Amino acid sequence: MSQSSLRVSIDDLREEIADLDSPEDRIAYLIELGQTLPELPKEYQTEEYRVLGCQSMVWLVPKLQGDKKEGGDIEFRGSSDAPMVRGLVAILLAAYSGRKARDILAFPVEDFFGEIQLKSFLTPMRSNGLHSMVQRIQAIAKGALLLDVSPSSQPQEIKPARASGYRVTLPAIAIENCRDDFPILSEKLPCGKPWVYLDNAASSQRPTSVLDAMNRVYRTHYANVHRSGHQLAAQTTQAMEQSREALASWIQADSSEQVIFTPGTTASINLVARSWGDANLRPGDEILLTEMEHHSNIVPWQQLAERTGAIIRWLGVRDDFHLDIESLDRLLSDRTKLVALTAVSNVLGTINPVREIVDAAHRVGAKVLVDAAQSAPHGKATASDWDADWLVFSGHKMLGPTGIGVLYGKRELLESMPPFLGGGNMIKSVSKQGFVAADSPHRFEAGTAPIVEAIAMKPALEYLMRVGSEAILAHERRLAQRAIDGLSSLSGLRILGPSIQSKTGIVSFVIPGVHSDQIGQYLNAAGVAIRVGHHCAMPLHERFSVGVSARASFYFYNTEAEVDAFVTATLRSSEL
Ligand SMILES: Cc1ncc(COP(=O)(O)O)c(C=O)c1O
């Protein structure tokens, strides 16, 4: 088939499309155009000629005409199983087939698409597919210039956009004005007293902007993402990808491809353990954990050690509640394959010297996973500053919804990691013989994602940024110090945690002779919500020879009056 045998020329296209008024007419025209494409023989409808990155099946078959050394013309045949996409193939053949490689590469394709208003009625997914076809044609032309028209030079799939330096342009929020933004904070007990919520390390509350965003998506443009080609799906997909970009930019990732949506911190850690861990750990390899880890950053590694024969070693916590950094060099060796540590302890509030530990681990060739579940809510979770190989955190602790979290990974690591869950959305193609996995992030996002939750991470992040990490930490520390001072009259009181300038607003404590459960129950009756127990950190409690502790965790929306209510109730509970 030569270009001249096509029913349309580029000029015909310009003219005919210009006459069409509505998007529906243009779609009908594309379908009609597709019917003019000659059948592509079955022997060419193979993986070898398939264009990856298109939602439907698309094949492009090149043939170099004339003397290769003279730089002959490239004829294309093509087809698709989707009628409208056949129309797009017909347009591309009109533009490219029968031209010299150099002319193909020089052809101003974007201008041409603009002239025929092609993108104005294509969904983003179809545009991506079209882009993949153009890339494929250009790759073939480049190959032809090297006297090689082998169709094996597959183009790259269209990737999610790069992190684009996302900035919040909305005005700053002063802490003293923020309470009204959290409807739940004005809820009352049956007796009419207000609730005092001091369990923020377990989960934060959400501002109206987050609640409204979720409501808006469900009410106005909800659809499944990355699959259907219709407008609703396109809008929802775009909103989810914008949220991914915002998060990528916030954690200083190079690209949004490095931000994987997971159900939360625990799921992110398990993903790394199953995917990277199973593929890389051997008997005798070592994993270094710290004694202050949450069970989520212990058990997946213990399970990995059981599966692989790896050994777990522990970096201790000193009596002053800081990590025993002096032992680090003794514990690290070329056997250490992984260090997993929390940026902030969920019991002590201790802020750890993450970068120092990451650098030491990297010196022996170990990878580092940083658990930022307790750090992100205070505005700190930075992939590049920390040089973390993986960074994980949860939405629900940082004003976002439940069921959503982030796994960031260094690009080369994500590329080397096999998918963990298999299913829809994580593949490039599937045949009876097997599957080809998609690239990150989709490779690790099998099945339908928590779409609305992912979208609502953007307003959550924006709120956090508008309050500002410095203001958040300063306010929390003020409240935590007020609480510690208020409790100080209790005889034998043990505050589990370092001095205030080394921690976040977490106050964990033990009152000798008073069981934490008694404190929790009494405070609950007084309308003060704190947490008692081991806080998913049993090894840490064992280190300090206490079974359980009580924990008040303050956030930027808490007030001094709430601290005083907590102190008063705690003092009373100890007198029972
Ligand atoms: C330090 C730390 N890591 C991990 C987790 C687990 O987070 P999620 O339950 O959201 O998966 C928590 C939750 O409290 C935590 O504090």
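What you are looking at is a predicted structure, and each value in this text was computed from that prediction instead of being measured. Read the numbers this way: they start at 1 and go in the same order the structure lists the ligands and their atoms. One is the number of the first residue; the rest follow in order along the sequence. These values consider heavy atoms only, across backbone and side chains, with no hydrogens, waters or symmetry-generated copies.
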Quiz prompt | For T265, atoms of ligand 1 separated by under 4.0 Å from a heavy atom | solution = 4 (C), 7 (O), 11 (O)
Exercise. Name the closest protein heavy atom to atom 11 (O) of ligand 1, giving the residue it belongs to and the distance to 0.1 Å.
Key: T266 OG1, 2.5 Å
Self-check item: Subset of ligand 1 atoms that lie under 4.0 Å from at least one heavy atom of S394
Solution: 7 (O), 8 (P), 10 (O), 11 (O)
Exercise. Measure the distance from atom 4 (C) of ligand 1 to every protein heavy atom, then report the residue, atom name and distance (to 0.1 Å) of the closest one.
Key: D371 OD2, 3.4 Å
Quiz item: Nearest to atom 14 (O) of ligand 1, what protein heavy atom do you find, and at what distance?
Solution: K397 NZ, 2.4 Å
Exercise. Take every heavy atom of H295, measure it against each atom of ligand 1, and state whether any distance is under 4.0 Å.
Key: no
Exercise. State whether a side-chain donor-acceptor pair under 3.5 Å links T290 with E293.
Key: yes
Practice problem: Step by step, work out the salt bridge (charged side-chain N to carboxylate O under 4.0 Å, His left out) result for E462 and R466. | Solution: CA-CA 6 Å; E462 282 172 350; R466 290 172 70 190; over 6 Å; no
Exercise. Please check if any side-chain donor atom of N558 sits under 3.5 Å from a side-chain acceptor atom of Y197, or the reverse.
Key: no
Quiz prompt | Residue A373 vicinity, atoms of ligand 1 by number, heavy atom under 4.0 Å | solution = 2 (C), 3 (N), 4 (C), 15 (C)
Quiz prompt | Heavy atom of the protein closest to atom 15 (C) of ligand 1 (residue, atom name, distance) | solution = H294 CD2, 3.3 Å
Quiz item: Is R355 salt-bridged to D359, cutoff N-O under 4.0 Å?
Solution: yes
Quiz item: In ligand 1, which numbered atoms sit nearer than 4.0 Å to a non-hydrogen atom of H396?
Solution: 8 (P), 10 (O)
Self-check item: Per-atom contacts of ligand 1 with Q374, taking only distances under 4.0 Å to non-hydrogen atoms
Solution: 1 (C), 14 (O), 15 (C), 16 (O)
Quiz prompt | K410 with D254: basic N within carboxylate O range, under 4.0 Å | solution = no
Quiz item: Is the closest basic N to carboxylate O distance between K337 and E286 below 4.0 Å?
Solution: no
Self-check item: Sub-4.0 Å atoms of ligand 1 with respect to non-hydrogen atoms of T342
Solution: 1 (C)
Self-check item: Main-chain N/O of K503 paired to R477 side chain as donor or acceptor, under 3.5 Å
Solution: yes
Quiz item: Under 3.5 Å, is there a donor-acceptor pair linking the side chains of D324 and S327?
Solution: yes
